[in-house]
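Quick caveat: nothing in here was measured; it's all calculated off a predicted structure.
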Amino acid sequence: MKVIAPISSIMSTNIIALNREDDLEMAEQLFKRHNIRHIPVVKEEVVVGMLSYTDLLRISFADAVYEDDTDVDSLVYNMFTIDQVMIKNVETVSSDTSIKEVAQILATKEFHALPVVDHGLLVGIITTTDLIKYLLKQL
């Protein structure tokens with residue numbers, strides 16, 4: 001019988017998170033600085049939403065023409081809050097969820113990251129990139 005490892009063995013635990021009170025400019029800086037595409041939004045370590053870089057691209061001209069043209073982005077970002085742009089009612093998984101189960105969830109849903117929550121608190125994040133890296137190690 002083949003044992004399927006839990007996602008705790010491959011998830012990212014160095015969590016970059018936002019609060020509802022943070023602004024979208026800060027979110028864009030975090031996306032770029034850490035080269036990530038998804039950021040959980042938390043209130044006291046409890047997940048209340050998820051913001052993706054794609055969410056920002058939908059409302060802005062981020063990276064459209066000039067990488068240093070921040071005036072347009074700043075104007076647009078000031079028109080919205082994280083609460084207005086983030087995905088609410090986020091699906092989460094626990095750290096003991098199997099890698100296979102997470103792969104099935106991500107393969108059938110329209111998102112590419114899941115917050116990992118144990119006992120109501122954010123403990124990590126699992127992305128399609130984490131799964132691909134795992135599969136590449138197996139081959």
Side-chain angles (χ1 to χ4, degrees):
M1 180 193 244
K2 189 172 184 178
V3 176
I4 299 175
I7 57 162
S8 60
S9 62
I10 66 167
M11 69 183 190
S12 300
T13 56
N14 184 16
I15 306 164
I16 307 299
L18 290 164
N19 295 303
R20 286 177 150 159
E21 298 78 28
D22 293 330
D23 60 41
L24 294 172
E25 283 185 80
M26 178 182 182
E28 183 180 12
Q29 290 170 3
L30 289 172
F31 283 124
K32 290 181 176 182
R33 183 180 316 130
H34 298 284
N35 195 28
I36 56 177
R37 296 280 177 194
H38 305 89
I39 301 177
V41 180
V42 297
K43 181 177 182 179
E44 299 175 5
E45 295 185 51
V46 174
V47 177
V48 294
M50 182 74 92
L51 185 68
S52 74
Y53 192 60
T54 303
D55 297 330
L56 286 187
L57 292 175
R58 283 188 192 122
I59 64 161
S60 76
F61 301 101
D63 295 332
V65 181
Y66 304 105
E67 283 189 29
D68 59 349
D69 188 9
T70 58
D71 292 341
V72 174
D73 289 339
S74 294
L75 181 64
V76 172
Y77 289 161
N78 289 331
M79 296 169 61
F80 297 96
T81 65
I82 285 181
D83 230 23
Q84 292 172 311
V85 180
M86 73 180 186
I87 301 300
K88 298 170 183 75
N89 303 320
V90 177
E91 187 166 340
T92 64
V93 292
S94 64
S95 62
D96 62 353
T97 305
S98 73
I99 292 172
K100 180 180 179 180
E101 188 177 345
V102 169
Q104 289 171 328
I105 292 168
L106 292 174
T108 58
K109 305 287 182 167
E110 291 186 22
F111 41 80
H112 300 280
L114 290 167
V116 181
V117 174
D118 286 339
H119 310 291
L121 302 178
L122 180 66
V123 297
I125 187 168
I126 185 78
T127 67
T128 52
T129 301
D130 296 326
L131 289 172
I132 291 168
K133 287 178 182 177
Y134 169 78
L135 291 173
L136 288 172
K137 285 182 184 176
Q138 303 305 308
L139 298 175

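When all heavy atoms of L131 and A103 are compared, the closest pair comes out as CD1-CA, 3.7 Å. Pairing each heavy atom of P40 with each of I15, the nearest pair is CG-CG2, 4.5 Å. Minimum heavy-atom separation, I59 to V85: CD1-CG2, 3.9 Å. For the residue pair P6 and S9, the shortest heavy atom distance occurs at O-OG, 2.7 Å. M26 and D23 make their closest contact through N-OD1, 2.7 Å (heavy atoms, listed as atom of the first residue, atom of the second, distance). Across all non-hydrogen atoms, the minimal contact from L51 to A27 is CD2-CB, 3.6 Å.
Within the 4.5 Å cutoff, the side chain of V41 has heavy atoms near those of the R20 side chain. Using a 4.5 Å heavy-atom threshold, the side chains of H112 and R37 count as separate.
No more than 12 heavy atoms of other residues, nucleotides or ligands shown are found within 6.0 angstrom of NZ on K137. The environment of CD in Q138 is crowded: more than 12 heavy-atom neighbours from other residues, nucleotides or ligands sit within 6.0 Å. Annotation for E44: atom CD does not count as buried by contact number, only 12 or fewer foreign heavy atoms lying within 6.0 Å.
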>> Let's go through H38 and S52 carefully: what are the C-alpha distance in whole Å and the side-chain angles of both, what is the deciding distance for side chain to side chain contact (heavy atoms under 4.5 Å, CB included) to 0.1 Å, and is it a yes or a no?
In response: CA-CA 4 Å; H38 305 89; S52 74; 3.8 Å; yes
>> Under the criterion side chain to side chain contact (heavy atoms under 4.5 Å, CB included), I'd like the reasoning laid out for M50 against F111: C-alpha separation, chi angles, the key distance, then a yes or no.
In response: CA-CA 10 Å; M50 182 74 92; F111 41 80; over 6 Å; no
>> Assess the residue pair Y53 and E28 against the criterion (side chain to side chain contact (heavy atoms under 4.5 Å, CB included)); give the C-alpha distance rounded to whole Å, side-chain angles, the decisive distance to 0.1 Å, and a yes or no.
In response: CA-CA 7 Å; Y53 192 60; E28 183 180 12; 4.1 Å; yes
>> For a side chain to side chain contact (heavy atoms under 4.5 Å, CB included) check, start with the C-alpha distance between V42 and E45, then their side-chain angles and the critical distance, and finish with the verdict.
In response: CA-CA 5 Å; V42 297; E45 295 185 51; 5.6 Å; no
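D96 and S94 form a side-chain donor-acceptor contact under 3.5 Å, judged by distance and modelled atom types alone.
Here K133 does not pair with D130 in a salt bridge; the nearest charged N to carboxylate O distance is not below 4.0 Å.
Here CD1 of I82 is found 8.5 Å from CE of M86. Values are rounded to the nearest 0.5 Å. Taken from CD1 in I7 to OG in S98, the straight-line distance is 8.5 Å, to the nearest 0.5 Å. Distance check, rounded to the nearest 0.5 Å: CD1 of I99 to OH of Y134 gives 4.0 Å. Going from atom CG of D83 over to atom CG of D22 covers 11.5 Å, rounded to the nearest 0.5 Å.
None of V90, T92, T97, I105 except one satisfies the side chain to side chain contact (heavy atoms under 4.5 Å, CB included) rule with L114; the exception is I105.
No continuous path of ILVMFWY side-chain contacts below 4.5 Å connects V117 to I10, so the two sit in separate hydrophobic clusters. Connection of L106 to V93 is established within a shared hydrophobic cluster, with ILVMFWY side chains joined at heavy-atom distances below 4.5 Å, either directly or through further cluster members. Cluster annotation: V48 and I39 are assigned to the same hydrophobic cluster (Ile/Leu/Val/Met/Phe/Trp/Tyr, side-chain heavy-atom contacts under 4.5 Å, transitive).
Residue I87 shares its hydrophobic cluster (ILVMFWY side chains chained together at separations under 4.5 Å) with no other residue.
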